[in-house]
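Here the structure is laid out as structure tokens; the discussion comes afterwards.
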Amino acid sequence: MKQFVDQQKAFFNTQTTKNTSFRIKQLDTLQAVLKENETLLNEAIYTDFKKSEFDTYVSELALLYSDIKEAKRNIKKWSRRKRVSTNLLNFPANSYIIPEPLGVCLVIGAWNYPYQLSFAPVVAALAAGNTVILKPSELPSKTSEVMAKLVNGNFDPNVFKVIEGGVSETTELLKQNFDKIFFTGSTKVGKIVYKAAAENLIPVTLEMGGKSPAFVTEDCNLKMTVKRMMWAKFLNAGQTCIAPDYVMVHEKVREEFLELAKAEIEEEQFQFENHNYVQIINDDNFDRLNSLIKQDQVYYGGNMEKEKRYIQPTILQNVSFEDPVMQEEIFGPILPVIGYDNIDEVITEVRKFPKPLSCYVFTNNKKTKRKILNEVSFGGGAINDAVMHISNPKLPFGGVGQSGIGNYHGKAGFDCFTHYKSILDKPTWLELPIKYYPHTNRKLKWIKRMMKFQ
Ligand code: NAD
């Protein structure tokens with residue numbers, strides 16, 4: 001692994017990646033490789049957890065194509081040095097900022113959207129002029145295999161290489177002296193990555209999860225709320241980092257919310273056979289999710305088949321903030337519904353959890369919207385929708401606190417893999433004597449005046 005990193009370092013030092021045309025060429029290659037191999041990519045992800053062509057396009061490939069397009073359109077602009085004004089004290093001079101790639105980057109992917117979560121950081125890293133080693137998640141083994149095959153067969157390994165593996169390979173990679181580590185996954189492993197990075201003071205972006213809440217107020221458009229929320233929750237069988245984890249519904253509309261939710265799930269017919277539902281990724285997660293379903297709380301669903309790793313979309317009612325299902329990120333097709341009368345009380349409960357990756361507010365009340373946006377800290381979110389904020393590349397995507405460090409997508413992605421080098425550029429035809437010895441009161445007065453301190 002050291003050899004791969006060293007070779008990429010040597011290549012990076014040739015300055016080739018500083019050329020924006022070179023970067024655009026890498027993105028063109030990635031786009032072409034993905035486009036030409038969509039069938040292969042679809043087959044692999046279907047084998048791993050029965051994700052359909054439709055869902056793979058909508059929630060993985062389309063987002064990547066959009067990120068590539070956004071980066072290509074802006075690379076030249078984003079890579080340009082930017083002039084800023086110079087203060088009087090430094091007169092005469094020019095001041096400017098040079099965007100500079102960080103160097104050799106490690107991207108560690110998560111399994112739940114294997115293509116999107118592996119390649120979207122790579123798009124940002126290549127656009128910013130870095131070289132990349134990608135370690136996809138080993139859990140969906142076919143997608144990992146196909147990513148390795150396509151990347152290693154089409155890219156110069158000095159620019160972009162995939163190394164497959166699990167804990168031991170990642171542990172080995174984390175010992176290498178990268179210039180940046182970009183990690184997507186659980187908070188538990190995020191801490192391991194952060195500690196390893198600290199050994200060499202490597203900057204990190206950590207994209208993690210948490211319990212993302214949804215608020216439903218009595219004055220929302222309930223039908224639309226339920227429609228959008230059920231889609232967002234049961235997409236990928238709830239195995240989405242920004243899925244609404246649990247929902248707090250005003251008591252006045254709770255009963256109707258439950259009825260509409262049941263009707264919506266039945267209408268959508270979330271089933272493998274309908275190609276709109278996926279398997280739970282493995283037996284461990286199946287057993288974990290099973291243990292979170294208390295049968296006496298099941299309002300709808302609760303059925304499962306272990307050999308198929310199928311768990312029916314499930315709605316739990318009469319859930320309290322103390323229940324086991326409220327003690328961890330669910331990451332599966334279980335939606336606890338908590339009734340409330342007083343919005344302040346539930347906001348207080350939400351704030352007891354670590355800061356989540358997302359938060360959703362379903363309301364037509366401007367005051368309530370502003371209140372929640374103001375009083376609850378979270379990575380990003382949506383009003384009267386869920387999950388869809390990720391599809392706008394103009395919105396930086398990332399967590400806060402335990403749900404993450406840093407942002408990406410679009411310009412934020414470019415920034416995340418860029419160092420902004422600040423330069424004060426002075427000519428030699430003039431030098432004011434003011435800072436030199438002897439230090440007189442008159443000079444001090446001038447300095448203070450020039451720095452606008454008096
Ligand atoms: P995970 O933390 O188990 O694994 C993520 C990556 O870390 C994998 O590539 C894995 O091989 C590696 N890894 C696992 N254990 C390791 C160890 N001990 N040392 C070094 N590397 C190790 O996460 P996951 O199960 O793949 O994903 C689920 C979690 O990721 C959820 O918490 C979810 O919210 C979060 N997530 C966040 C985002 C986001 O964009 N913020 C996106 C998807 C998932």
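As a basis for the values below, the full set of heavy atoms in this structure was taken, side chains included, without hydrogen atoms, waters or symmetry mates. Atoms within each ligand, like the ligands themselves, are counted from 1 in listed order.
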**Request:** May I ask you to decide whether K394 forms a salt bridge with E70, counting only side-chain N to carboxylate O separations under 4.0 Å?
**Result:** yes
**Message:** Within the structure provided, determine whether F160 and Q26 are in side-chain contact (heavy-atom separation under 4.5 Å).
**Reply:** no
**Prompt:** With a 4.0 Å cut-off, would you call D28 and K72 a salt bridge?
**Reply:** yes
**Asked** Y408 to ligand 1: N or O pair under 3.5 Å?
**Response** no
**Message:** Does ligand 1 come near enough to S403 that some N or O of the ligand is less than 3.5 Å from an N or O of the residue?
**Reply:** no
**Prompt:** Got a salt bridge between E264 and K223, using NZ or NE/NH1/NH2 to carboxylate O under 4.0 Å?
**Reply:** no
**Prompt:** How close do F215 and C359 get, heavy atom to heavy atom, and via which atoms?
**Reply:** CE1-SG, 3.7 Å
**Request:** Mark up the atoms of ligand 1 that fall under 4.0 Å of a heavy atom belonging to L117, in ascending order.
**Result:** 42 (C), 43 (C)
**Request:** May I ask you to say whether K233 pairs ionically with D245, meaning some side-chain N is under 4.0 Å from a carboxylate O?
**Result:** no
**Message:** Tell me whether F397 reaches ligand 1 (any heavy atom closer than 4.0 angstrom to a ligand atom).
**Reply:** yes
**Fill in**
Logged contact type for E329 with ligand 1, heavy-atom cut-off 4.0 Å, is side chain
**Request:** Classify the angle between the aromatic ring planes of Y310 and Y277 as parallel (below 30°), tilted (30 to 60°) or perpendicular (above 60°).
**Result:** perpendicular
**Fill in**
Looking only at non-hydrogen atoms, the one of G109, G190, S144, A110 nearest atom 8 (C) of ligand 1 is G109
**Item:** Any I372 side-chain heavy atom under 4.5 Å of I343 side chain
**Value:** yes
**Message:** For atom 29 (C) of ligand 1, tell me which residue out of G185, S168, G209 has the closest non-hydrogen atom.
**Reply:** G185
**Request:** Indicate, as side chain, backbone, both or neither, the part of N112 found under 4.0 angstrom from ligand 1 when only non-hydrogen atoms are considered.
**Result:** side chain
**Asked** Counting from 1, what ligand 1 atoms have a heavy atom of K135 closer than 4.0 Å?
**Response** 8 (C), 9 (O), 10 (C), 11 (O)
**Message:** Less than 4.0 Å from atom 2 (O) of ligand 1, is there any heavy atom belonging to the protein?
**Reply:** yes
**Request:** Could you tell me whether D323 and K294 have a side-chain N and a carboxylate O separated by less than 4.0 Å?
**Result:** yes
**Item:** Ligand-side contact atoms (ligand 1) for residue partner I108, heavy atom cut-off under 4.0 Å
**Value:** 6 (C), 7 (O), 9 (O)
**Message:** If I apply the N/O under 3.5 Å rule, does M208 come out as touching ligand 1?
**Reply:** yes
**Close-contact set for ligand 1 against F331 heavy atoms, below 4.0 Å** = 28 (C), 31 (C), 33 (C), 34 (O)
**Prompt:** When you look for heavy atoms under 4.0 Å from ligand 1, do you find them on the side chain of T187, its backbone, both, or neither?
**Reply:** neither
**Fill in**
At under 4.0 Å between heavy atoms, what of I242 touches ligand 1? The answer is neither
**Prompt:** Taking NZ, NE, NH1 and NH2 as the nitrogens, is one of them in K2 or E172 under 4.0 Å from a carboxylate oxygen of the other?
**Reply:** no
**Request:** Of the side chain and backbone of T170, name the one, both, or neither that has a heavy atom under 4.0 Å from an atom of ligand 1.
**Result:** side chain
**Message:** If the cut-off is 4.0 Å to any non-hydrogen atom of E138, which atoms of ligand 1 fall inside it?
**Reply:** 10 (C), 11 (O)
**Request:** List the steps, then state whether ring pair (Phe, Tyr, Trp, His ring centres under 6.0 Å) holds for Y340 with H250.
**Result:** CA-CA 5 Å; Y340 75 88; H250 194 281; 5.2 Å; yes
**Request:** Looking only at distances, please establish whether an N/O atom of ligand 1 is found under 3.5 Å from an N/O atom of T184.
**Result:** no
**Message:** Considering I281, L134, V189 one by one, which has a heavy atom nearer to atom 13 (N) of ligand 1 than any of the others?
**Reply:** V189
**Request:** State whether K421 and E100 are salt-bridged, where the test is any N-O pair (Lys NZ or Arg NE/NH1/NH2 against Asp/Glu carboxylate O) under 4.0 Å.
**Result:** yes
**Heavy-atom proximity to atom 36 (N) of ligand 1, best of A120, G379, C241** = C241
**Item:** Min heavy-atom dist G399 to ligand 1 below 4.0 Å
**Value:** no
